[in-house]
Amino acid sequence: LDTFFVLLKSLLREQLLKQAEKIQILMIKACSDEAEILKVIEFLNELRSRGFGLFLPVYNTLLIALGKFDMDTVSKNVYYQMVDSGVKPSLLTFNTMVNVLCKKGKVEEAYGFLGLILQADFRPDTFTYTSLILGHCRKCNLDAAFGVFNHMQEEGCLPNSVTYSTLINGLCKEGRIDEALVMLNQMVERDCQPTVYTYTVLLTTLCSLGRVKEAFDLVEDMKNRGCPPNVQTYTTLISGLCRCKKLEDACDLLKEMISNGLVPNTVTFNALINGFCSEGRVDSALDIFNRMEKHSCMPN
RNA sequence: UCUAGAAC
């Protein structure tokens with residue numbers, strides 16, 4: 001970060017504003033944790049106090065980065081600062097605010113920003129509505145989620161596969177797996193391709209209910225639809241097999257994923273270690289633990 | 001600037 005700071009100071013000294021903007025964006029995207037992003041904000045404030053206000057793309061990049069770390073309070077501060085500085089938010093700005101608030105379950109506040117979208121004469125889009133659906137699902141308010149789902153279509157805004165996956169996940173988390181499976185069929189009928197996310201959501205729930213047979217049938221479906229399982233999908237299935245004490249099958253699946261060119265991660269190994277430990281097979285668990293290093297996988 | 005969804 002210090003390198004970025006030095007570079008930016010020289011660029012601004014030379015009044016190279018367009019270049020400075022590009023560097024500011026790179027700097028924000030380089031932040032890998034909350035502490036770094038806070039340092040960046042502090043530095044950008046220093047620039048502002050010296051008369052170098054931030055442009056819209058910089059604000060949007062900053063809000064997107066804050067959203068990735070679920071920093072809704074800081075997001076709001078940055079948003080208000082942006083408005084105070086006379087920079088007009090775009091739909092992307094509002095959508096980013098709606099999303100961070102919905103992720104944190106602050107649906108009321110998210111609707112405040114929806115109001116601002118309408119006031120600014122923008123049309124909420126699929127991103128906006130999908131975030132609102134997510135917010136309602138996080139609050140276990142499926143009725144409201146479906147309300148948004150219907151409303152967006154009345155407004156001529158089509159749900160996409162992310163919208164469906166979000167709703168399907170909401171149904172699953174509420175224990176309504178069979179309705180979720182109906183929605184999967186519905187999205188296919190409506191020409192909306194399920195993605196690996198959609199399937200993994202459903203597989204997670206089927207596995208957690210011990211419905212492993214159905215889970216593997218669904219894996220066949222997804223493969224047939226040209227949607228190959230990824231690391232998270234395999235991890236879900238391994239965890240499901242472990243839950244049913246099918247530990248050897250779980251190990252076979254680990255081999256299969258590796259032979260498919262996938263790289264198991266810490267979560268994958270945790271699932272296996274947990275499975276063996278739950279059955280008292282600590283020695284096997286230790287073997288797996290020791291294999292993590294070979295896969296350049298850090299225990300957490 | 002190009003933002004929304006999943007695994008232990």
Side-chain angles (χ1 to χ4, degrees), chain A residues 18 21-29 54-68 75 82 87 89-103 110 113 124-135 137-138 145 148 152 157 159-173 180 183 187 192 194-208 215 222 227 229-243 250 254 257 262 264-278 285 288 292 297 299-300:
Chain A
K18 210 61 206 171
E21 180 182 337
K22 284 203 167 68
I23 299 301
Q24 284 169 340
I25 286 168
L26 284 175
M27 171 175 73
I28 294 164
K29 289 182 167 176
L54 309 182
F55 297 121
L56 176 64
V58 178
Y59 276 112
N60 281 343
T61 307
L62 189 52
L63 290 172
I64 289 166
L66 288 167
K68 295 225 183 336
S75 292
M82 151 179 198
V87 177
S90 61
L91 182 59
L92 175 60
T93 317
F94 290 122
N95 280 347
T96 308
M97 291 307 299
V98 169
N99 181 250
V100 73
L101 291 167
C102 285
K103 273 205 287 190
F113 281 93
D125 62 8
T126 304
F127 286 90
T128 324
Y129 289 121
T130 301
S131 291
L132 291 173
I133 289 172
L134 174 70
C137 289
R138 293 259 157 113
V148 174
M152 69 188 282
C157 187
N160 63 18
S161 62
V162 178
T163 317
Y164 275 102
S165 301
T166 306
L167 255 182
I168 287 174
N169 188 43
L171 286 168
C172 285
K173 293 295 181 291
M183 285 225 81
M187 72 187 282
C192 188
T195 66
V196 63
Y197 274 75
T198 323
Y199 285 110
T200 305
V201 165
L202 289 161
L203 291 171
T204 301
T205 304
L206 287 173
C207 285
S208 76
M222 75 187 280
C227 183
N230 65 15
V231 174
Q232 308 210 180
T233 319
Y234 273 104
T235 303
T236 296
L237 296 170
I238 286 172
S239 160
L241 288 170
C242 287
R243 203 187 308 268
L254 178 70
M257 73 181 281
L262 295 172
N265 61 26
T266 304
V267 180
T268 317
F269 285 107
N270 285 350
L272 272 170
I273 290 170
N274 185 45
F276 279 95
C277 285
S278 305
I288 295 161
M292 290 179 72
C297 218
N300 65 7

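Protein chains get the first letters and strands the later ones, always in sequence-line order, with residue 1 at the start of each.
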Shoot me the first and last contacting nucleotide of RNA chain B against chain A, ordered 5' to 3', at under 4.0 angstrom to non-hydrogen atoms.
-> rU1(B) to rC8(B)
Test side-chain contact (heavy atoms from CB on, under 4.5 Å) applied to A285(A) - qualifying residues, sequence neighbours left out | I273(A), F276(A), C277(A)
Sorted by chain and number, sequence neighbours left out, salt bridge (charged side-chain N to carboxylate O under 4.0 Å, His left out) with K103(A) holds for D70(A)
Backbone N or O of S161(A) within a donor-acceptor pair of the S165(A) side chain at under 3.5 Å?
-> yes
Which heavy atom in N99(A) sits nearest to a heavy atom in S131(A), and how many Å separate them?
-> ND2-OG, 3.1 Å
Checking all strands, does T200(A) fall into the base, sugar-phosphate, or nothing category for heavy-atom contacts under 4.0 angstrom?
-> base
Please name all residues satisfying ring pair (Phe, Tyr, Trp, His ring centres under 6.0 Å) with Y59(A), sequence neighbours left out, ordered by chain then number.
-> none
With sequence neighbours left out, the residues meeting side-chain contact (heavy atoms from CB on, under 4.5 Å) with K68(A) are I64(A)
Remember a base hit wins even if backbone is also touched, and classify R138(A) as base, sugar-phosphate or nothing at under 4.0 Å, heavy atoms.
-> sugar-phosphate
Within residues 89-102 of chain A, find the residues that approach RNA chain B with a heavy atom at under 4.0 Å, and present them sorted by residue number.
-> L92(A), N95(A), N99(A)
List in chain and number order the residues that pass ring pair (Phe, Tyr, Trp, His ring centres under 6.0 Å) with F269(A), two or more places apart in sequence or in another chain; answer none if no residue qualifies.
-> H295(A)
Answer with base, sugar-phosphate or nothing: what part of the nucleic acid does T266(A) contact at a heavy-atom distance below 4.0 Å?
-> nothing
What nucleic acid atoms does K22(A) come within less than 4.0 Å of, heavy atoms only: base, sugar-phosphate, or nothing?
-> nothing
How would you label the contact of S165(A) with the nucleic acid (heavy atoms, under 4.0 Å): base, sugar-phosphate, or nothing?
-> base
Qualifying residues under side chain to side chain donor-acceptor pair (under 3.5 Å), relative to Y129(A), sequence neighbours excluded | none
Contact class for T128(A) (heavy atom, under 4.0 Å): base, sugar-phosphate, or nothing?
-> nothing
What residues, two or more places apart in sequence or in another chain, satisfy ring pair (Phe, Tyr, Trp, His ring centres under 6.0 Å) together with F113(A)?
-> Y79(A)
Which part of the nucleic acid does N300(A) contact within heavy-atom distance under 4.0 Å: base, sugar-phosphate only, or nothing?
-> nothing
What nucleic acid atoms does V162(A) come within less than 4.0 Å of, heavy atoms only: base, sugar-phosphate, or nothing?
-> base
